[in-house]
Amino acid sequence: MADGPGPGAREMAGIATALIVAAGSGQRLGAAVPKALVPVGGRPMYEWSLSAFQKADSIGRIVIAVPPGGAGDFAADGTELVDGGDARSKSVAAGLGRVETDFVVVHDAARPLVTPELIDLGVEALVRDPDVDAVIAAAPVTDTIKRVGPDEIVAETLDRNELRAVQTPQAFRTDALRRAIASGDLAGATDDAFLIESAGGRVAVLPSPPTNIKITIPSDIELAELLLGSLAGTPTSLDKD
Ligand code: C5P
């Protein structure tokens with residue numbers, strides 16, 4: 001990414017729209033409600049992300065993609081709710097229709113440990129570097145990763161120094177994401193940066209803590225609650241307002 005002085009705090013204020021995708025089912029969690037509504041630390045999971053985005057200086061409006069017809073279950077004053085789609089990228093596409101700023105930050109409601117600092121760092125890095133279309137949160141990989149064949153036999157050991165575990169938030173130039181979504185394989189994309197890559201765009205990574213976990217299975221909730229408890233009282237606290 002480009003070096004040099006970054007944009008000032010005043011230029012950054014409210015420069016981006018947040019798009020929180022919260023339209024997934026709670027199937028893998030074994031939950032009877034959509035995943036974003038499953039309680040984590042005493043509040044619906046999506047509220048942790050919402051709170052972090054409300055505190056981020058770079059964020060103006062907040063759009064949340066919710067399960068179709070489920071807006072009434074989200075108490076999200078001051079935000080705009082839009083019906084999501086049947087694949088994650090379709091929910092992003094639906095929310096993108098409401099974005100009017102040049103920059104948009106896409107985030108999974110399933111990552112309640114996101115911080116305002118991480119959000120602002122991503123937007124700032126993107127604004128500062130005109131040569132990249134996206135800046136995405138990514139953690140170093142500590143496990144050794146091997147590629148295996150269909151027979152469960154190891155085919156290759158990958159150099160973990162070159163690997164990153166990609167997360168959200170992901171900050172985009174809105175027009176680049178719109179173009180990538182218009183031409184991309186939405187059903188096959190597990191993140192939006194993939195669509196930018198597929199369209200020939202440049203994606204930069206922003207170092208992110210491994211604590212920014214995604215809630216997928218029930219034990220992830222216990223881990224998130226432990227991490228939220230240990231972060232409480234620190235400058236990155238996600239305490240309820
Ligand atoms: O299913 P997965 O954990 O990968 O979902 C990541 C995020 O995408 C979650 O916050 C989920 O609510 C959201 N999602 C969505 N629309 C879908 C599927 C997932 O907004 N159709």
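Atoms within a ligand are numbered from 1 in the order they appear, just like the ligands themselves.
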- Give the protein residues with at least one non-hydrogen atom closer than 4.0 Å to an atom of ligand 1, ordered by chain and number. V21, A22, A23, G24, R28, K35, G85, D86, A87, R88, S91, D108, A109, A110, K214
- Residue pair D133 / F172, side-chain heavy-atom distance below 4.5 Å: no
- Step by step, work out the salt bridge (charged side-chain N to carboxylate O under 4.0 Å, His left out) result for D192 and R88. CA-CA 9 Å; D192 309 294; R88 186 188 170 286; 3.0 Å; yes
- With sequence neighbours left out, what residues match R164 under side chain to side chain donor-acceptor pair (under 3.5 Å)? none
- Looking at side-chain heavy atoms only, is the closest gap between T168 and V114 below 4.5 Å? no
- What salt bridge (Lys or Arg N to Asp or Glu O under 4.0 Å) pairs are there with at least one residue in residues 138-153, not counting sequence neighbours? R147-E156
- F74 meets the ring pair (Phe, Tyr, Trp, His ring centres under 6.0 Å) criterion, sequence neighbours left out, with Y46
